[in-house]
Amino acid sequence: MSTRRVAADVKSVLAAVPNPAAASSGDAVLAALADAHARRSRAEEEIRLLLAYGRQFVYPHPYTLGELATAAGMSVSGVRTAYGPHDVDKVSAATGLEPVPSDAED
């Protein structure tokens, strides 16, 4: 898989994550907290989708659990359970790619 293709896929995956809505509170502290929460939620979704892409859509050599864990600041077991079928479906819809079946965990 070419670097250019991966970059385009990553751009498509990130574009599939909705932007958080602006907080509508009249209180500055509550509005700032709501905005921070929305940004964190977006970041968590981006991470899940990128992990799904790195494990399920990169062929012929998906990223290892260790590589993804290091990059995401997670444990290997955390990466393994961080995303689910819904995230894989979302990546597939965003990129037009089908997930590649994996033979074994590493």
Side-chain angles (χ1 to χ4, degrees):
M1 185 170 263
S2 76
T3 302
R4 180 173 279 158
R5 173 61 195 239
V6 170
D9 289 344
V10 168
K11 194 176 214 179
S12 296
V13 168
L14 293 179
V17 180
N19 285 319
S24 60
S25 173
D27 184 288
V29 172
L30 296 178
L33 283 169
D35 286 344
H37 174 67
R39 289 191 310 274
R40 181 177 63 192
S41 295
R42 178 182 168 92
E44 289 170 352
E45 184 170 5
E46 287 177 359
I47 289 169
R48 285 193 316 274
L49 296 180
L50 290 168
L51 292 172
Y53 175 78
R55 286 298 292 167
Q56 301 290 315
F57 294 88
V58 177
Y59 180 82
H61 303 289
Y63 290 91
T64 67
L65 294 171
E67 289 171 324
L68 295 171
T70 298
M74 300 172 75
S75 67
V76 168
S77 62
V79 169
R80 185 179 284 123
T81 61
Y83 66 91
H86 175 74
D87 300 308
V88 172
D89 291 344
K90 200 165 189 177
V91 171
S92 186
T95 61
L97 299 173
E98 291 296 320
V100 178
S102 62
D103 294 339
E105 293 290 320
D106 49 5

*Asks:* I'd like to know if the side chain of Ser92 reaches the main chain of Val88, judged simply by a donor and an acceptor atom lying under 3.5 Å from each other, with no hydrogens or angles considered.
*Replies:* no

*Asks:* What are the two closest heavy atoms between Val10 and Tyr53, and how far apart are they?
*Replies:*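 Nearest pair, atom of Val10 first, then Tyr53: CG2-CE2, 4.4 Å.
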
*Asks:* Could you tell me whether a side-chain N or O of Ser12 sits under 3.5 Å from a main-chain N or O of Thr95, the two making a donor and an acceptor?
*Replies:*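 Not a single qualifying donor-acceptor pair exists.
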
*Asks:* Do you know which two heavy atoms are closest between Glu45 and Val17, and how far apart they sit?
*Replies:*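 Result for this residue pair: OE1-CG1, 3.8 Å.
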
*Asks:* Quick one: does Arg48's side chain have a donor or acceptor within less than 3.5 Å of a partner on Asp87's backbone?
*Replies:*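 Side chain of Arg48 to backbone of Asp87: no pair is present.
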
*Asks:* Do you know which two heavy atoms are closest between Arg55 and Pro62, and how far apart they sit?
*Replies:* O-CB, 3.6 Å

*Asks:* Would you compute the distance between atom CD of Glu67 and atom NE2 of His61 and round it to the nearest 0.5 angstrom?
*Replies:* 11.5 Å

*Asks:* Starting at CD of Gln56, measure out to OH of Tyr63 and round the result to the nearest 0.5 Å.
*Replies:*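 So the gap between those two atoms works out to 14.5 Å.
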
*Asks:* Is the closest side-chain heavy-atom distance between Glu98 and Phe57 below 4.5 Å?
*Replies:* no

*Asks:* Is any NZ, NE, NH1 or NH2 atom of the basic residue among Arg42 and Glu46 found under 4.0 Å from an Asp or Glu carboxylate oxygen of the other?
*Replies:*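 Here Arg42 pairs with Glu46 in a salt bridge, since their nearest N and O are under 4.0 Å apart.
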
*Asks:* Before accepting this row, confirm whether a basic side-chain N of the pair Asp35/Arg39 lies closer than 4.0 Å to the acidic partner's carboxylate O.
*Replies:* no

*Asks:* Should Met74 and Leu68 count as side-chain neighbours, where that means a heavy-atom distance under 4.5 Å?
*Replies:* no

*Asks:* With side chains defined as the heavy atoms from C-beta onward, is the minimum distance between Leu14 and Leu50 less than 4.5 Å?
*Replies:* yes

